[in-house]
Participant: 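Take this structure first; my questions come after.
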Number of protein chains: 2
Amino acid sequence: MSKSTINDVARLAGVSIKTVSRVVNRESGVRDATREKVEKAIAELNYWPNQSARDLAASRAHLICLVYDDPSAYKLPSSGYIIRLQEGVLRVCRSLGYELLIHPCNYRNDDVESELKFLIQRARPTGIVLAAPLSNIPKIVRAISATGTPLVRLSPGQKLSKEMVVATNDREFAAEMTCYLASLGHRRIGFITGHPRHKAVGHRFEGYKAGLKASGLTFSEELVAAGDNSFGSGEAAALKLLDRKSRPTAIFAANDDMAVGVLRVADRLGIRVPDELSIAGCDDITLAEQIHPALTTIRQPFAAMAEKATLMLVKGTEESEAPKGTVIVPGALKIRESTGPAPG
Amino acid sequence: MSKSTINDVARLAGVSIKTVSRVVNRESGVRDATREKVEKAIAELNYWPNQSARDLAASRAHLICLVYDDPSAYKLPSSGYIIRLQEGVLRVCRSLGYELLIHPCNYRNDDVESELKFLIQRARPTGIVLAAPLSNIPKIVRAISATGTPLVRLSPGQKLSKEMVVATNDREFAAEMTCYLASLGHRRIGFITGHPRHKAVGHRFEGYKAGLKASGLTFSEELVAAGDNSFGSGEAAALKLLDRKSRPTAIFAANDDMAVGVLRVADRLGIRVPDELSIAGCDDITLAEQIHPALTTIRQPFAAMAEKATLMLVKGTEESEAPKGTVIVPGALKIRESTGPAPG
DNA sequence: ATCAAGGTTGACAACGCTGTCAAAAAGACT
DNA sequence: AGTCTTTTTGACAGCGTTGTCAACCTTGAT
């Protein structure tokens, strides 16, 4: 292991440490010949700058903090979501020389706010990427904002704001899914709404209505059942929808967990999927692909969103003008086995 | 946001910065009265030490690096595993003031070794927690060892070694599961082996045999089918086992993915679980609890293992004697719906 | 009181780097 | 060659902490 310092490099290259620093930091105004000398010395000594020293001297930390709802606080099958977020942030961090600090946090705790302030004070990150659903919780957003740390929120219901937000187009792709179902010949397309506090799923409901209209179908309360994003509520809603005299030939659930619930109910009732009933979800959870029949759903671009968010944070810090406003990263339909032509 | 330094605290408390440093670092030899004065000043100024400066001055980083197989490199449903590892490491990090650097890495890349050396040189972590399956790959272990960074490997086949290793008792709990099935009256207990390169699942096979012997049952090749840890191979193996004239009344798969495959096959063949066939897996993946019937399996203590590993790393650094050898963290049987009394 | 021993405290120099600003070198023109 | 401008380089002072070591108090024993 090398433990050579900038001094060693400077001595070997026959320049001052400042010049080495310039080369390392890719600053302009270094003659090519000099740069090469220094680079050779760096390579030879296997030198790598001491991050602590850099951060201290420049009084800035090369650190991005990703804050998300703690999955260990309760049985959450959402680990895939988190991994994808991490993936996106890491991609940017690696390429730009930042480090990633992950902070699962339980918003049900009374002291989340001080926990976050504590974290920020301790780590002094360059910026924070705040994942949903935390990004929708005012007290959390406020606690972070109060510290003055740059913050990018992920998909907090897409309402435009002056803060930095990265969202996806829930409304649009829900409409697209609805149109897709209609294009398969379905006329009675049911919808299962999600948890009222979860804004994104609200947008999907709107998208569903828009899709119906775009396909020349009329909206009917008859075809809507309420869920709360949970598997169980999906089952209950499915039971309700499928019990009706003229039952839907397709059911679009506001998220995959509920869609899987529908799938289970259909199985139990002996309704063949997709022959007799098409089922679509939203989120593309890991299970969606493993279940049988594989679930048609919408893949949320979590990694891409996180990547974008991190980029905004870094750009905002390194360049003078911090990017503001909402950036949309579109989701993509994943057509799999659970949807097919309308029966009859 | 406070940006007070140790100087401000020292001035307010009327002591030298060194004394403040002593209080902050809980060093002995500070009079109680002094300590209290300082603590009051710290609280009042909302002071928190600058990590970069500390690390620089003490030339040590408060950093743990968790290296695991990159789940984004291929479709892995293993995100739950990673999340639990992170959880364990984070618990220790938080309580001991360390930070966690996560590093998913794809061992299929040719340049993993330089990638890791690069990472280590750049981040200079206190130590590295290396998760399976990476912990079983010699070139990776070697690359890290070569840097001299303290390393704890997670469950690399449990072979005793002089290095730091945290493993679980695959053999023992597989035996236990087998005995449990036998105790339910099963006499023909099938087993689906896992990927030959994955040592842990090999231990499970041994445990299965030991369990049979302990239960007074004889081992028969007839009851064993080979898999490769994948869902699909579980299905294939199940088909093979269930096709035989005197088919097993219970199937124990070396991992959950394959067990779920068995479940699906049973469903397709109209074999009721657990009435006609008991199925057990191993790992307690997220899906195990969500599937119907919920899968009896063995919960691997991933979080606890990671926690233990991190602790070893920190203790090894902070105390003079580094803990060596293998530490075993036992897994736990999770009896759920997919196992029941033997038919007849 | 006086002194040694031990417990507390502080002065000051690192730690390895970056920011500032001035000095030196290199070009550009007479 | 001389002067002015621009580019390139370096000296040096921090950044906020810890390690070292000497100086300072206490205490208890004489």
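Heavy-atom basis, side chains included; hydrogens, waters and symmetry copies ignored. Every chain is numbered from 1 and lettered A, B, ... according to where its sequence line falls, protein lines coming before strand lines. Everything numeric here is computed off the predicted structure, so don't read it as measured data.
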Participant: Measure CD/A/Glu27 against C1'/D/dG10 and give the value in whole Å, please.
Facilitator: 13 Å
Participant: Determine whether the side chains of A/Asn50 and B/Arg124 contain a donor N or O and an acceptor N or O closer than 3.5 Å.
Facilitator: no
Participant: With A/Ser16, which residues qualify under side chain to side chain contact (heavy atoms under 4.5 Å, CB included), at least two apart?
Facilitator: A/Lys18, A/Thr19
Participant: Starting from the 5' end of DNA chain C, give me the residue, B/Ala53 or B/Gly29, whose nearest nucleotide shows up first.
Facilitator: B/Gly29
Participant: Mapping B/Leu56 and A/Ala58 to their closest nucleotides on DNA chain C, which lands nearer the 5' end?
Facilitator: B/Leu56
Participant: Within the structure shown, what part of the strands sits under 4.0 Å from A/Ser52 by heavy-atom distance: base, sugar-phosphate, or nothing?
Facilitator: nothing
Participant: Applying side chain to side chain contact (heavy atoms under 4.5 Å, CB included), can you list everything that pairs with B/Gln300, at least two apart in sequence or on another chain?
Facilitator: B/Thr168, B/Asp170, B/Phe173, B/Arg204, B/Asp283, B/Phe302
Participant: Is the backbone N or O of A/Leu56 less than 3.5 Å from a side-chain atom of A/Ser59, with the two atoms forming a donor-acceptor pair by type?
Facilitator: no
Participant: Enumerate, atom names and distances included, each donor-acceptor pair closer than 3.5 Å involving a side-chain atom of residues 31-45 of chain A, sequence neighbours excluded.
Facilitator:
none

Participant: Excluding sequence neighbours, so at least two apart, what forms side chain to side chain contact (heavy atoms under 4.5 Å, CB included) with A/Ala57?
Facilitator: none
Participant: Does any pair with a residue in residues 114-150 of chain B pass ring-ring contact (aromatic ring centres under 6.0 Å, His included), and if so which ones, sequence neighbours excluded?
Facilitator: A/Trp48-B/Phe118
Participant: Return the set of residues passing salt bridge (Lys or Arg N to Asp or Glu O under 4.0 Å) with A/Arg94 (not counting sequence neighbours), or none when no residue passes.
Facilitator: none
Participant: Hydrogens and angles aside, do A/Gln86 and B/Gln86 bring a side-chain donor and acceptor to less than 3.5 Å of each other?
Facilitator: yes
Participant: How long is the gap from SG on A/Cys65 to CG on A/Leu100, to the nearest 0.5 Å?
Facilitator: 7.5 Å
Participant: Provide the start and end nucleotides, 5' to 3', of the part of DNA chain C that has atoms under 4.0 Å from heavy atoms of chain B.
Facilitator: C/dT8 to C/dG16
Participant: Using whole Å, report how far CG of B/Asp55 lies from P of D/dC15.
Facilitator: 19 Å
Participant: B/Asn50 CG to D/dT17 C1': how many Å, rounded?
Facilitator: 8 Å
Participant: Is B/Val15 touching bases, backbone alone, or none of the nucleic acid, heavy atoms closer than 4.0 Å?
Facilitator: sugar-phosphate
Participant: Would you mind reading off the distance between B/Ile17 atom CD1 and D/dG16 atom C1', rounded to a whole angstrom?
Facilitator: 8 Å
Participant: For B/Asp110, I'd like to know if atom CG has over 12 heavy atoms of other residues, nucleotides or ligands within 6.0 Å.
Facilitator: no
Participant: Name the nucleic acid region contacted by A/Asn25, choosing base, sugar-phosphate or nothing; use a 4.0 angstrom heavy-atom cut-off, strictly under.
Facilitator: sugar-phosphate
Participant: Dump every N/O contact between nucleotides 20-25 of chain D and the protein below 3.5 Å, one line per pair.
Facilitator:
none

Participant: Under the side chain to side chain contact (heavy atoms under 4.5 Å, CB included) rule, collect the residues that match up with B/Ala143, sequence neighbours excluded.
Facilitator: B/Glu113
Participant: Assess the residue pair B/Val129 and B/Leu85 against the criterion (side-chain contact (heavy atoms from CB on, under 4.5 Å)); give the C-alpha distance rounded to whole Å, side-chain angles, the decisive distance to 0.1 Å, and a yes or no.
Facilitator: CA-CA 10 Å; B/Val129 176; B/Leu85 292 179; over 6 Å; no
Participant: Just to be sure I understand the geometry, which residues of residues 35-44 of chain B put a non-hydrogen atom under 4.0 Å away from DNA chain D?
Facilitator: none
Participant: Five pairs at each end of the helix from C/dA1-D/dT30 to C/dT30-D/dA1: take the axis at both ends and give me the angle between them to 10°.
Facilitator: 40°
Participant: Indicate, with a heavy-atom threshold strictly under 4.0 Å, whether B/Ser59 touches base, sugar-phosphate, or nothing.
Facilitator: nothing
Participant: Please classify the nucleic acid contact of B/Thr5 as base, sugar-phosphate, or nothing, using heavy-atom distances under 4.0 Å.
Facilitator: sugar-phosphate
Participant: With sequence neighbours excluded, what pairs up with B/Tyr68 under the ring-ring contact (aromatic ring centres under 6.0 Å, His included) test?
Facilitator: none
